[in-house]
Amino acid sequence: QVQLVESGGGLVQPGGSLRPSCAASGSIATLYTMRWYRQASGKARELVATIGSCGTITLYADSLKSRFTISRDNAKNTIYPQMNSLKPEDTAVYYCNADLRSTDNNAYAAYWGQGTQVTVSS
């Protein structure tokens, strides 16, 4: 069984920063691309950032690339989105997504975390 667990969300003032994390654990043979999404209330889920398996390739939503970065620690199967200069419109539930091959019958699939709430408010 595979789990993705986001942590590090919370309440932050406008202009502040957060560095949440997403850790993958369980029956993982190989962890590939990981992604960070967000979903604001009443809106569609939006891709925020993508990081390749080696961590050298990163992609960002055009509207966020000046404020958000992403890194990963493959020894810990963890990604670290860095969110700076946060605005009230960044308020959303943030989700982790990972493509991986499980040791359970060698299956390849995408997994999601349960999400972490980020609220930007004074």
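Heavy-atom basis, side chains included; hydrogens, waters and symmetry copies ignored.
Panel note: side chain Arg101, backbone Asn106; a donor-acceptor pair is recorded below 3.5 Å. No side-chain donor-acceptor contact under 3.5 Å links Ser27 to the backbone of Thr103. Counting only distance, with no hydrogens or angles, the side chain of Thr91 and the backbone of Glu89 share no donor-acceptor pair below 3.5 Å.
By the side chain to side chain donor-acceptor pair (under 3.5 Å) test, Arg45 pairs with Gln39, sequence neighbours left out. Every residue two or more places apart in sequence or in another chain that forms a side chain to side chain donor-acceptor pair (under 3.5 Å) with Lys65 is listed here: Asp62.
Ile70 and Leu86 fall within the same hydrophobic cluster, defined by Ile, Leu, Val, Met, Phe, Trp and Tyr side-chain heavy atoms under 4.5 Å apart, directly or through other members. The hydrophobic clustering, which links ILVMFWY residues whose side-chain heavy atoms are closer than 4.5 Å, places Met34 and Leu59 apart. Hydrophobic clustering (side-chain heavy atoms under 4.5 Å, transitive across Ile, Leu, Val, Met, Phe, Trp, Tyr) groups Ile79 together with Leu64.
Using a 4.5 Å heavy-atom threshold, the side chains of Val48 and Tyr60 count as separate. Counting heavy atoms from C-beta on, the side chains of Trp36 and Tyr94 come closer than 4.5 Å. Tyr111 places none of its side-chain heavy atoms less than 4.5 Å from the side chain of Asn97. A 4.5 Å side-chain heavy-atom check between Arg38 and Asp90 finds at least one atom pair inside the cut-off. Residues Val118 and Met83 meet the side-chain proximity criterion, which asks for heavy atoms closer than 4.5 Å. With a 4.5 Å cut-off on side-chain heavy atoms, Thr58 and Thr56 do not count as touching. Ile51 has its side chain out of reach of Thr33: every pair of non-hydrogen atoms, C-beta onward, lies at least 4.5 Å apart.
Residues Cys54 and Asn74 come closest through the heavy atom pair CA-ND2, 4.2 Å. Counting all heavy atoms, side chain and backbone alike, Arg67 lies closest to Ser85 at NH1-O, 3.0 Å.
Between Tyr37 and Trp112, a ring centre-to-centre spacing shorter than 6.0 Å is recorded.
Separating the CZ atom in Arg72 from the OG1 atom in Thr78 is a distance of 9.5 Å, to the nearest 0.5 Å. Atom CG of Leu18 and atom CZ of Phe68 lie 9.0 Å apart (nearest 0.5 Å). Within the model, atoms OG of Ser25 and CG of Asn77 stand 8.5 Å from one another, a figure rounded to the nearest 0.5 Å. Between the CG atom in Asn84 and the OG1 atom in Thr69 there is a gap of 6.5 Å [rounded to 0.5 Å].
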Without placing hydrogens or testing angles, list every side-chain donor-acceptor pair under 3.5 Å for residues 1-15, not counting sequence neighbours.
residue: Glu6; atom: OE1; partner: Gln114; partner atom: N; Å: 3.1
residue: Glu6; atom: OE1; partner: Gln114; partner atom: NE2; Å: 3.4
residue: Glu6; atom: OE1; partner: Gly115; partner atom: N; Å: 2.9
residue: Glu6; atom: OE2; partner: Cys96; partner atom: N; Å: 2.7
residue: Glu6; atom: OE2; partner: Gly115; partner atom: N; Å: 3.3
residue: Ser7; atom: OG; partner: Ser21; partner atom: OG; Å: 3.1

Determine, stepwise, if the pair Ser17 / Gln82 fulfils side chain to side chain contact (heavy atoms under 4.5 Å, CB included).
-> CA-CA 7 Å; Ser17 297; Gln82 177 70 47; 3.9 Å; yes
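Tyr32 and Tyr108 have tilted rings, their planes meeting at an angle from 30° to 60° on a 0 to 90° scale.
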